[in-house]
Structures are given as C-alpha cells and as structure tokens.
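See structure below.
Computed from a predicted structure; not experimentally measured. Atoms within a ligand are numbered from 1 in the order they appear, just like the ligands themselves.
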Amino acid sequence: MPAETVRLTTAQALVRFLAAQHSERDGNEQRLIPGVWGIFGHGNVAGLGQALLQAAQTGEADLPYYLARNEQAMVHAAAAYAKMKNRLQAFACTASTGPGSTNMITGAALATTNRLPVLLLPSDMFASRVPDPVLQQLEDTRAGDVSVNDAFRPVSKYFDRVSRPEQLIPAALAAMRVLTDPVETGAVTLCLPQDVQAEAFDWPREFFRRRVWRVGRVAPEPAAVERVSALLRSAEKPLIVAGGGVVYGEAEAELRAFAEATGIPVADTHAGKGAVPWDHPAAVGGLGSTGTSAANALAAEADVVLGIGTRYSDFTTASHTVFGNPDVTFANLNVARLDAAKHSAEMLLADAKTGIAALAKALDGWSVADEYRAETRRLAEEWQAKADACFDLGHGPLPAQTEILGALNAALDDSDVVINAAGSMPGDLQMLWRARDPKAYNVEYAFSCMGYEIAAGVGTKMAAPEREVVVLVGDGSYLMLASEIATMVSEGLKVIIVIVQNHGFASIGSLSESLGSQRFGTKYRYRDEKSGLLDGDVLPVDLAANAASFGAEVIKADSVATFRDAIAKAKANDRTTVVHVETDLTGPNPPGSAWWEVPVSEVSELDSTRAAYAAYTDHKRDQRHYL
Ligand SMILES: Cc1ncc(C[n+]2csc(CCOP(=O)(O)OP(=O)(O)O)c2C)c(N)n1
Ligand SMILES: [Mg+2]
C-alpha cells in the first residue's frame, strides 16, 4: 500500500519538518530548530515566506520568524544562540538570492570555525532555468549549475542544493545529522532555488513525524584511558588546556573535581573560560599569546600537556612557542580525531564529561607533588596582583581600557554574560576577565569577526533571557555592524551595549607599532592636507547619537567613576541601554608574556621595520613542531 502523503510546497514541507526536530542529551530533550531568522527578497518571499506565514496563521507548524537587519548579523545571532545552548539547538536563517545569501557567508565561516551549528537556507536561481538571467544571477560562462551560493561550499560542514522537491528529504535529514554531531557541526547550507520553494509535491507523512536526534556521549576506549593515565602518572609538571569542548560537553563539574584531586593546573582558551572559576586553586587563567604570566610560565616547563576539548588555535599555542620543554608530550581528550591528533598526541577519543570521569577513575589516589601545587598557586596569585594593577591605573585624562574592563567585571554578577569578538578587547579579556560560570564569557575567537558583538547580543539574550547580557564593542566593530540594535528594540530584548570609543584600532594600532609599521592607517581621522595621510583631527562621528537613533537609551561616560554609574543605571533599566565610554587608544595594555607570529617585511627602507624584523627572527627560533 502506498504510504500516506500530504501535498505541500517544498518550503511548506521544510517548515513542517524543521518544527518537528528535537535534540537530546543526558535525557534532556529540546527543540532542535527553535525558529527562523530572515530577510525577505524575491528569492524567498513567496516560497519560504508564504510557508512561514501559513504556519503562523494555521498553527500547522510552530516555527517563529524573526526579522534581522543584516544577513551576516542574523547568522551571528544564530551562532551565539547555539553557543549559549551548548550546540543542542540551532536557528535556521533564510535569505534572498544573490547579496542576501552571500551576506551570510562570513557568518557561515564564523559558525564553522567556532564549531557552532547554524542552518542556512540561501535562496538560489531558478532550477527550471527559464527566467535567465534573473536579477542577481552570476552567469558563470563555464558551467550552468554554478551560482554565488557555491561560495558556501568551503565554509559549510554540509552543503546541498534542493533542485527538485523530493531532494529535500535526504538533504534535510543529512542537515539535521550534521547539526547535531559534535564532531562535524558548523554551518549547514541547504540552497533553495526560488521556483522549487513554491513547487508542490506529495510528501510521505512520515517525513514530518517527531524526530529526536540523539547527541549522546562517546565513551573512551579503556586502552586509551590506560595509555593517557600512564602518561600523566609519569609527569612531574602536567598542565591541562581546557577548551570549548569542556563547556559544550557540560563537563565543568568533572574538570573541577579532577583538577582538585590531581592538582594538575588548568589553563583555558576563550571557549573554555569559566569552566573552572578564576579563583579555583588549580586555575591559572588564559593560555598563549594573550595568556597570563601564570599559564604561560607553567606551559614553558610542562612535561605533559592534557588538552581537553581544545582545537589548539594559533593564539593558544602562541604560534607554537608556548610549550617550551624540549621533552613535552601531549595527550588530547576530544570527540574529534582532528583535534585529538594534534601535536602528535596520545589520543583519547571521548566527550569531555565521560573522558574526564574515566581519567579521574584511572588516576584515583594520584596527585602532583605538593611543591607543584604550591608553585601553581604562587604563579596564579602573582598574576592576579598584576591584573589588579591593570584595573587601578589612575590613567588620564581618558581611562585605560583595562580600568573599564575591571570596573565592568566588578559590577557584574557571576551569571551575567559578556560578549566580544575582535579588536584589543579579546586579548585583555582573556588575560583579565574573572569568570566563574562557563556561560558568562562569550568571546568569539576562532574567526574574531568584527560585527559579531551586537548581533551576538541578540542571540545570547534570546537563549538566556534570565541573564544580564553585556556586549563590549569597539568603535571599529560598531561602525561595521550596529544595525541589530534595531532588532533588539523591536524584539524587546534588554541588552547592555558598552561602546568603547577610542577613535581607531587600539589592537591593530599597537600590533602595527610592534611590527614597525608605525600605527599606519589605524586611526579614524580626517585626511591631513600636508601629510596626505589619515592623521588629521578626530572625526565628529557620534556613536552615542547613532545608538540613540535606533531607539536605545544611551548613557555617556568618560571616566571610571562615571562608567560605574552608567553600568549601575543600565543594569537597573529594563530596555536596551548603550553605555558610551571614551578610552585611551594607546593603552596601556596588560603585560604580555608570549608571542604571536605576524610576519614582518624581510627587506625594508624603514628603520622601524628593520628593528621589528630582527625581533621577529629571534622569536621564530623558539617555534616548535611538537612531533
Ligand atoms: C570583519 C573584520 N575585519 C577586519 C578585522 C581585522 N581587525 C582586527 S581588530 C581590528 C580593529 C578593531 O577596532 P575596534 O573595534 O575599534 O577595536 P579596538 O582595536 O580599538 O579595541 C581590525 C580591523 C577583523 N577582525 N574582522
Ligand atoms: Mg577602537
């Protein structure tokens, strides 16, 4: 007997399907796709747009629609949401053909590099190829089936183009499989030609049944546990590197207990911050190029490094210089073989929670020497004294950024979330921010994308309405993508946005200076007639007025004291509040203790560049392959 069918358009079928998907881990079930972000154009207004309207009006599928102002921003909002939800939920994003869709590519790359699930639904050219070329069509002369959407391929963990309605069935199922796979997850792209979206088909009803995608937990192989625990037992100066996998795997309790029992110090990456509270006896803070002196000193001597849920980004390893012991060996606990195998490590393939529990059992009764515990504490306290000094510089006439960060950190509760992505703040935050809650620190630092911050505020507040959400955004990032403040206002999302105004790029400016490039092109200034360079007067750009124009309340501050007052007012407010604070573009920066490789010109007419090149070659000598 033929299976029972229902006649729907491809878009109506997709909406019904998405509303029926769930994820489950540790017995907790939730909607996998809680809603759809979008901006309509001719590519999706009549297809997916009609399907979403019909779902809302008839109640045949529950899939709320959210209107963004920029397609890149809506993907950032989706990624931030998934990050808050430990990758168990993912938003869909629909965009029109051409620019609407290509605007999502940066968001896709961010999601994929950060291993965060987002479902992208770019509209595509007519599958029929009768209207040809339509508005915004690429017209590749070498191939009839290429569209701008092919640019999604390298930035997507799964890519498909639904050229006939029934192709949606395998494509949609594959998309859900990849979204819910902690190893594979990232941006998942289903291209939807505009005619196919509106075309009807007799769908098997079974396609729309309630589905639960089991995320599960991968248990480690006993022999691998044996090998890794033997390696740790042999260590005198072991060090844990805690990455995002600890947070996404909800393994905080296991890691804290393991660190206490064994005394192995824990350094963290951006994605792992907060898994172990900053004042835990084993905590030594951020590792690498923007790490603390405590973590970097321990890394320099460590004989065994246990990476847990980390992808060992270039920042984390200080461009392969931070682990300095000639005999250092690695053991990596990770769900992904890609990461477990890094640095020629002994691999422990498991999720962080089950993996740490297995190691704790195997190492029961074993601990590092008391002297090593004492050394860890001494280094951590030494670092915290340096951080305290950064918070209290009395710098003037404008405050230093570190003082503003210190005041903010002190004013927030443990559960309040801070968001950032690019500029000088991620480095300062990795060194200085004191987090006690793994969800309280949302710094996107795989793609470090200017423009993530405000959009991420939207997604984070949607994911955690009970938490105070604070976006830290530089003036450069603000100028790139501030438009989602309008979305916050229209959705009634209370977010605090702190605009750190320093009239340029503090980050790339100080990097430029250290590389002998004299801060060239890193200030927002009028072009000076004499020099011909952008080093004239400060521009009259008024970001506070700009933020107010979106309907947010704005408070201005120009000192640590007025900033404290502004934050107190912002916390008491019940609507989106922007705190605009002026800081010194030139720091001072917190004390660094590691390198980051940025190549310097090998030949130059400039003395500053030649000096920087000499320093660069010195550092290059410390680089290791970890074989
Ligand atoms: C989309 C994007 N473009 C360029 C960069 C390179 N970049 C990194 S930081 C930075 C300047 C950031 O300026 P601002 O937001 O004012 O922060 P500040 O450096 O002043 O703290 C630039 C251009 C980037 N990370 N992302
Ligand atoms: Mg700036």
Side-chain angles (χ1 to χ4, degrees), residues 70-73 75-76 79 102-114 155 270 289-290 313-315 390 395 398-405 408 418-433 443-457 471-485 497-515 517 519-525 534 538-539 541-544 546-547 557-558 578-590 592 596-599:
N70 175 297
E71 292 89 353
Q72 181 191 135
V75 184
H76 294 336
T102 53
N103 262 358
M104 296 201 293
I105 288 172
T106 297
L110 182 147
T112 291
T113 53
N114 281 278
V155 292
H270 281 285
S289 302
T290 54
S313 83
D314 181 47
F315 264 91
C390 294
H395 189 73
L398 288 173
Q401 181 169 287
T402 58
E403 296 175 292
I404 294 302
L405 297 180
L408 182 65
V418 67
I419 297 174
N420 192 242
S424 58
M425 281 187 278
D428 288 12
L429 291 167
Q430 205 208 356
M431 284 197 215
L432 303 174
W433 198 256
V443 176
E444 180 281 297
Y445 216 55
F447 215 49
S448 186
C449 183
M450 292 169 78
Y452 172 79
E453 303 90 341
I454 291 171
V471 171
L472 277 166
V473 60
D475 52 324
S477 278
Y478 184 94
L479 285 167
M480 263 194 206
L481 198 43
S483 47
E484 297 314 307
I485 299 176
I497 299 171
V498 177
I499 304 176
V500 178
Q501 170 62 284
N502 53 22
H503 305 280
F505 306 163
S507 49
I508 305 302
S510 92
L511 180 67
S512 164
E513 194 169 287
S514 73
L515 301 173
S517 293
R519 293 187 179 255
F520 172 65
T522 62
K523 290 178 194 157
Y524 291 131
R525 297 292 172 93
L534 294 172
V538 167
L539 297 172
V541 175
D542 186 344
L543 300 184
N546 181 277
D558 57 5
V578 173
V579 175
H580 178 282
V581 61
E582 295 257 356
T583 58
D584 188 337
L585 179 70
T586 56
N589 299 332
W596 181 39
E597 178 167 6
V598 178

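At a threshold of 4.5 Å between non-hydrogen side-chain atoms, the residues Ile485 and Ile497 count as touching. Contact check for Thr402 versus Leu432: side-chain heavy atoms found under the 4.5 Å cut-off. Between Leu472 and Glu453, the closest side-chain pair of non-hydrogen atoms is not below 4.5 Å.
The side-chain contact (heavy atoms from CB on, under 4.5 Å) search around Ser517 returns Ser512, not counting sequence neighbours. Ala455 is linked by a side-chain contact (heavy atoms from CB on, under 4.5 Å) to Ala73, His76, Glu484, counting only residues two or more places apart in sequence or in another chain.
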Q. His503 and Asp475: side chain to side chain donor-acceptor pair (under 3.5 Å), yes or no, with the steps?
A. CA-CA 7 Å; His503 305 280; Asp475 52 324; 5.3 Å; no
Provide, line by line, the atom pairs where ligand 1 and the protein bring an N/O atom each to a distance under 3.5 Å; else say none.
residue, atom, partner, partner atom, Å
ligand 1, 15 (O), Gly476, N, 3.3
ligand 1, 15 (O), Ser477, N, 2.9
ligand 1, 16 (O), Asp475, N, 3.4
ligand 1, 16 (O), Asp475, OD1, 2.7
ligand 1, 16 (O), Gly476, N, 2.7
ligand 1, 16 (O), Gly504, O, 3.0
ligand 1, 19 (O), Ser424, N, 3.4
ligand 1, 19 (O), Ala506, N, 3.0
ligand 1, 19 (O), Ser507, N, 2.9
ligand 1, 19 (O), Ser507, OG, 2.6
ligand 1, 20 (O), Asn502, OD1, 3.2
ligand 1, 20 (O), Asn502, ND2, 3.0
ligand 1, 20 (O), Gly504, O, 2.9
ligand 1, 20 (O), Ala506, N, 2.9
ligand 1, 21 (O), Ser424, N, 3.0
ligand 1, 21 (O), Ser424, OG, 2.6
ligand 1, 25 (N), Ser448, O, 2.8
ligand 1, 26 (N), Met450, N, 3.2

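The Mg ion (ligand 2) has Asp475 OD1, Asn502 OD1, Gly504 O as its protein N, O or S neighbours under 2.8 Å.
Below 30°, between 30° and 60°, or above 60°: for Phe505 and Tyr524 the angle between ring planes is above 60°, a perpendicular geometry.
A distance of 7.5 Å separates CE in Met425 from OG in Ser477, rounded to the nearest 0.5 Å. Within the model, atoms OG1 of Thr586 and CG of Leu398 stand 9.5 Å from one another, a figure rounded to the nearest 0.5 Å.
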